[in-house]
J.: 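Have a look at this one.
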Amino acid sequence: MSYGLKVFNGDGLVILDSSEGFSTFIKTNTGTISSGAGTVNFPTGIDVTDLFFVRPTSNIFIAESAISGSRQIYRSGTSVLDWFEADNTLGNFSSGFDTGYGLNVFDGTGTAASDLLFSSNTAQSLDVVAVGSYSDLGSNTELQININSSTPHYGLLNGSLFGSGTVTGYLGGGGTIERKRGYEYSYSGSTLSYIKIVSTFAYPGSNGFQPGGGDMAYMIVKLRG
Amino acid sequence: MPSYTFTNASGTNYPIAATFNAAIGDTITLTFPTTSNYNHVAETGGAPQLGNAATPATFNHQVVGNYGTSYSLFFFTSDTTNNPSQPYWHSDNINTVGYRGKFVINIISNTCTQATPTGSLSVSIATTASQNTTATLSGSSHGSNCNAQSRALLFGSGSFINGLVHTVVRGNTYTYEVRNEGQTGVLTLSNQNVPYLNPDLSISTGGNLTSSDGTWTQTIGSITGAFNEYAIFTNTGSPIVNNAGNLITTGVNGTNLINDNPSNSPVGTSTFTVFGRRTTSSGGSNNWNSTGTSFSVTRSTTFNESISNPAGTYFDNLTGSGAAHTVTVAGTTAGQYYNVSTSASNINTPLFSSWTQGNGARVVTDTGATTPAGANSTQTTYYLYRSAASNGGSPTYTGDNYTRTLVNYDRFLTPTDTVNLGTGVTSYSLEVGNTISGHVYYVYRGTDLLVSGTATGTTITLTVPETSLSSTGDSTTHTLKTQSAFNSAPASEFSTGKSWTVQRTGTASQGSGGTSSTYGMEVFKSDGTTKLYDTTSRTGRIAASGSTPDITSGSTSSAISVSGMTANSTNFSIIVVPTVAGSGNNDFNQFAGYTNIVITKSSGSFTIKNTGVTTNSYKYFVVKSG
């Protein structure tokens with residue numbers, strides 16, 4: 001880049017690079033789903049294709065429930081769900097970015113909100129703690145990410161999946177079929193001990209859970225600020 | 001053995017050429033050199049035994065016979081050149097003018113017959129300046145042909161030697177015996193001590209001394225001779241030692257007694273006595289003997305106490321109430337006892353376990369101290385007291401005080417989240433906050449010390465090695481310990497109670513949060529304390545987003561462009577959501593659209609393959625996180 005700003009973190013990964021023209025994602029909407037168990041609808045105004053992160057406050061498994069046409073949020077036990085929607089800074093931080101002190105990085109086409117790649121004036125930031133694809137688990141059915149923090153950590157619901165039902169006419173009779181791809185939270189008091197990335201598939205004759213695979217991404221982010 | 005050289009004419013009637021007194025068996029040698037008067041010589045008369053020979057000739061004769069008798073050997077000479085046709089004994093050749101002679105041999109005895117020497121023995125010892133010296137015996141009389149032999153018996157052991165002189169060792173008592181060689185009778189001189197050489201004990205000093213700090217030098221004078229050494233003792237004979245713990249001496253042939261140990265001269269007047277000795281190697285006994293000369297040292301009452309570490313921060317490691325720290329006292333006065341109080345006006349509560357003497361470090365237990373919470377600190381001033389009594393009676397504030405700041409291990413800021421190590425990463429940068437300058441910080445994994453460093457400010461950054469995590473998901477705990485020179489155990493580190501988890505998270509395509517670094521960007525909220533971004537941040541930037549058109553079952557989308565993407569890039573994560581959910585019941589199609597979506601990354605783009613049983617379209621986000 002001839003001009004601009006490029007910032008690396010302690011591991012040498014890019015935090016911010018004005019030359020790539022990519023906009024940092026930020027929290028654009030947030031809310032809470034009251035305590036309950038099983039499936040629950042997406043919050044009003046949220047579409048299943050929006051970039052959607054969820055955090056249970058109890059030790060449960062969460063994923064998108066997608067079975068037989070239903071598009072809901074699945075929780076394996078009773079818990080409140082905190083959620084937020086994420087999106088580009090560019091075009092989604094229209095108010096307050098240009099007041100007070102701080103750092104704004106634009107895409108070089110102007111200084112309007114629609115040109116904004118990064119701003120320090122957001123109330124909070126999203127810090128990627130773990131990211132990969134479910135297929136990275138290989139022959140494993142889970143990957144434990146130790147957290148040991150009371151800072152809120154959210155799992156990316158998009159791409160996760162939970163569905164369980166029965167099949168017939170399979171292997172001479174059929175039985176239960178279950179796909180599970182999502183986040184299993186474990187707390188110790190107010191401290192989040194770890195999150196397990198789970199990817200399993202069970203079907204008649206599978207002799208238990210098989211690795212679920214899947215090229216779609218999982219992601220855990222920490223909400224700072 | 002006797003011998004004789006025949007040199008002169010002695011007439012024709014065998015006059016006596018020589019007389020020998022010899023013992024039976026002695027050999028007598030007779031030599032006849034070359035001469036113009038004759039060229040041959042022959043023994044004759046009686047029963048000749050030695051024969052004849054041309055000159056020069058030598059005859060050896062061994063004496064035979066009985067003691068007290070005599071006999072002669074007769075020789076005549078001849079000159080065979082007179083008539084070579086005749087033998088030497090022919091009258092033509094016999095030197096009738098007379099070169100003849102006889103040798104008379106008196107057989108006498110050489111045996112000492114005196115059984116015991118006579119006389120009265122005495123011994124004299126040489127004044128040699130060494131441990132060994134010479135003893136010379138005298139006073140014995142020995143008969144004719146008697147050889148004197150003697151020995152010096154030490155502890156009953158000793159061998160006879162010829163003569164009367166012996167090498168003896170000072171400090172020992174000998175018995176001397178003298179005899180005639182070959183005889184058994186002895187003269188005895190019993191229990192004779194070989195004395196040491198004495199040091200010069202008649203000396204003087206430079207007189208009485210005064211000292212303000214207890215150190216001083218005394219000079220010895222009026223010394224006669226060499227090899228003298230002097231030292232100081234109390235008047236009861238106890239040695240006076242220097243700071244090195246050695247007796248204070250002048251050294252051999254020295255004159256100065258140097259006292260560098262103030263405790264030898266407490267406040268007031270002390271009296272010392274000079275002792276002298278002569279070393280063993282110079283013939284002395286090496287034992288100290290009083291010279292009878294004393295001197296006194298008067299030390300004035302000046303105090304110079306100080307605190308070597310007048311300020312410092314410590315942690316309390318006591319299990320009970322109160323808090324304990326270390327203080328180092330210097331410049332103390334011998335004979336004085338010391339303790340510490342929290343008050344400058346009284347020492348009603350001494351903080352040392354007892355009133356103690358001397359310089360050095362002491363543990364101070366402040367039973368009234370309470371460890372403050374969190375990052376708070378409590379500073380206390382302590383006062384040093386002095387007393388001449390071991391129980392602290394009549395204490396006096398020395399005027400020396402110091403401060404100690406008590407802090408809590410809870411003050412430290414360490415990672416609150418798991419430290420994640422990506423693939424191949426074998427260390428991370430640890431920043432510890434709220435550190436104390438000069439304190440040492442240690443990071444342990446169990447009992448294994450990983451790294452340590454000394455803080456120079458309110459933070460310290462340590463590069464912590466971690467190579468024990470080989471597989472994804474492996475984790476371990478790191479613990480922070482710290483060491484303060486002002487703690488009650490200043491040489492040991494103690495756990496702060498702060499620990500954190502370190503985890504191996506990285507596989508080929510996984511990511512993790514960043515590790516801290518000394519350089520980088522930090523962004524705070526408007527409150528000035530809450531960090532939104534720092535060197536551990538890992539942001540997500542949306543590199544692409546959108547929707548695909550409908551993709552029939554088993555088909556693959558067109559390439560979707562993403563700037564900078566590569567086939568194996570782990571920095572790009574692709575989020576795909578089918579717009580059509582599964583359908584049907586009781587078969588695999590109930591998950592249709594969600595299962596086994598195949599996403600293929602390539603250079604600058606990616607594709608989505610619909611492996612479901614129905615046509616579907618997909619919403620996608622591409623997030624770049626590195």
Side-chain angles (χ1 to χ4, degrees), chain A residues 7-11 13-16 20-25 48-49 51 66-71 88 100 103 120 122-133 136 143-149 151 156 158-159 161 163 165-168 177 179 213-217 219 221-222 224-225, chain B residues 416-418 422 429 472-473 475 500-501 503 505 507 509-517 520-521 523 525-526 530-533 535-543 563-564 573-577 579 581-588 590-591 594-599 619 621 623-626:
Chain A
V7 180
F8 297 89
N9 71 3
D11 289 332
L13 297 175
V14 173
I15 295 177
L16 175 62
E20 67 184 11
F22 299 154
S23 173
T24 303
F25 66 42
V48 296
T49 60
L51 207 51
I67 187 168
S68 301
S70 171
R71 310 293 293 270
N88 276 325
L103 172 68
S120 67
T122 56
Q124 292 177 299
S125 64
L126 300 182
D127 196 354
V128 177
V129 172
V131 62
S133 71
D136 291 340
L143 170 62
Q144 179 171 310
I145 307 296
N146 292 322
I147 304 297
N148 295 314
S149 172
T151 304
L156 172 67
N158 310 100
L161 170 64
T166 57
V167 292
T168 58
I177 182 171
R179 281 196 178 273
D215 287 343
M216 55 291 293
M219 185 182 296
V221 299
K222 179 170 61 176
R224 299 179 67 168
Chain B
T416 56
D417 298 342
T418 295
S429 181
T472 298
S475 65
W500 56 95
T501 300
Q503 169 182 259
T505 59
T507 65
S509 60
Q510 289 178 11
S512 64
T515 54
S516 61
S517 178
M521 178 181 75
V523 177
K525 288 181 68 172
S526 57
T530 305
K531 282 183 189 176
L532 295 179
Y533 298 92
T535 57
T536 70
S537 291
R538 189 177 185 189
T539 61
R541 286 97 65 204
I542 297 179
S563 175
S573 298
I574 302 174
I575 302 160
V576 172
V577 183
T579 59
S583 63
N585 287 308
N586 302 325
D587 60 27
F588 288 99
Q590 58 196 334
F591 305 122
Y594 270 84
T595 59
N596 300 330
I597 300 170
V598 177
I599 302 170
K619 180 76 178 291
F621 297 91
V623 175
K624 189 179 182 190
S625 55

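All heavy atoms count here, side chains included; hydrogens, waters and symmetry mates do not. Since we're looking at a predicted model, the values are computed, not measured. Letters go in sequence order (proteins before strands), and every chain restarts at 1.
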J.: What distance separates Q144(A) CD from S475(B) OG, expressed to the nearest 0.5 Å?
T.: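 That separation rounds to 7.0 Å.
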J.: Quick one: does R541(B)'s side chain have a donor or acceptor within less than 3.5 Å of a partner on V14(A)'s backbone?
T.: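 Side chain of R541(B) to backbone of V14(A): a pair is present.
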J.: Roughly how far, to the nearest 0.5 Å, is CG of N146(A) from CH2 of W500(B)?
T.: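 Reported value, rounded in 0.5 Å steps: 15.5 Å.
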J.: So which residue, V576(B), V523(B), I542(B), ends up with the most heavy-atom pairs under 4.5 Å with chain A?
T.: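 Of V576(B), V523(B), I542(B), I542(B) has the most heavy-atom pairs under 4.5 Å with chain A.
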J.: My understanding is that only residues two or more places apart in sequence, or in another chain, count here; which of them pass side-chain contact (heavy atoms from CB on, under 4.5 Å) with T122(A)?
T.: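 Once residues adjacent in sequence are excluded, the partners of T122(A) under the side-chain contact (heavy atoms from CB on, under 4.5 Å) criterion are I26(A), F93(A), L532(B).
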J.: Name the region of T151(A), side chain, backbone, both or neither, that has any atom closer than 4.5 Å to a heavy atom of chain B.
T.: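 Answer is side chain: those atoms of T151(A) sit under 4.5 Å from chain B.
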J.: With side chains defined as the heavy atoms from C-beta onward, is the minimum distance between V623(B) and V131(A) less than 4.5 Å?
T.: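 They are not in contact (no side-chain heavy atoms under 4.5 Å apart), so the answer is no.
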J.: Which of the residues L51(A), L126(A), N158(A) is involved in the greatest number of heavy-atom pairs with chain B at under 4.5 angstrom?
T.: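 Top option by heavy-atom pairs under 4.5 Å: L51(A).
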J.: Please tell me if the side chains of S625(B) and M219(A) come closer than 4.5 Å, counting only heavy atoms from C-beta onward.
T.: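 Result no, sub-4.5 Å side-chain heavy-atom pair not found.
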J.: If you count heavy-atom pairs within less than 4.5 Å of chain B, which of V7(A), L103(A), L16(A), I147(A) leads?
T.: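 Sorted descending by pairs with chain B, the first entry is I147(A).
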J.: Please find the pair of heavy atoms, one from R538(B) and one from D127(A), that lie closest to each other, and give the distance.
T.: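 So the minimum-distance heavy-atom pair works out to N-OD1, 2.6 Å.
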J.: Give a yes-or-no answer on whether the side chains of T501(B) and N148(A) include a donor-acceptor pair shorter than 3.5 Å.
T.: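 Side chains of T501(B) and N148(A): pair found under 3.5 Å.
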J.: Which atom names give the shortest non-hydrogen contact between S563(B) and F22(A), and what distance separates them?
T.: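 Smallest heavy-atom distance, with atoms named: O-CZ, 3.3 Å.
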J.: Search all heavy atoms of T539(B) against all heavy atoms of T24(A) and return the closest pair with its distance.
T.: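 Heavy atoms only, the tightest pair is CB-CG2, 4.3 Å.
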J.: In chain order, what residues pass the salt bridge (Lys or Arg N to Asp or Glu O under 4.0 Å) check against K222(A), with sequence neighbours excluded?
T.: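 K222(A) satisfies salt bridge (Lys or Arg N to Asp or Glu O under 4.0 Å) with D417(B) once adjacent residues are dropped.
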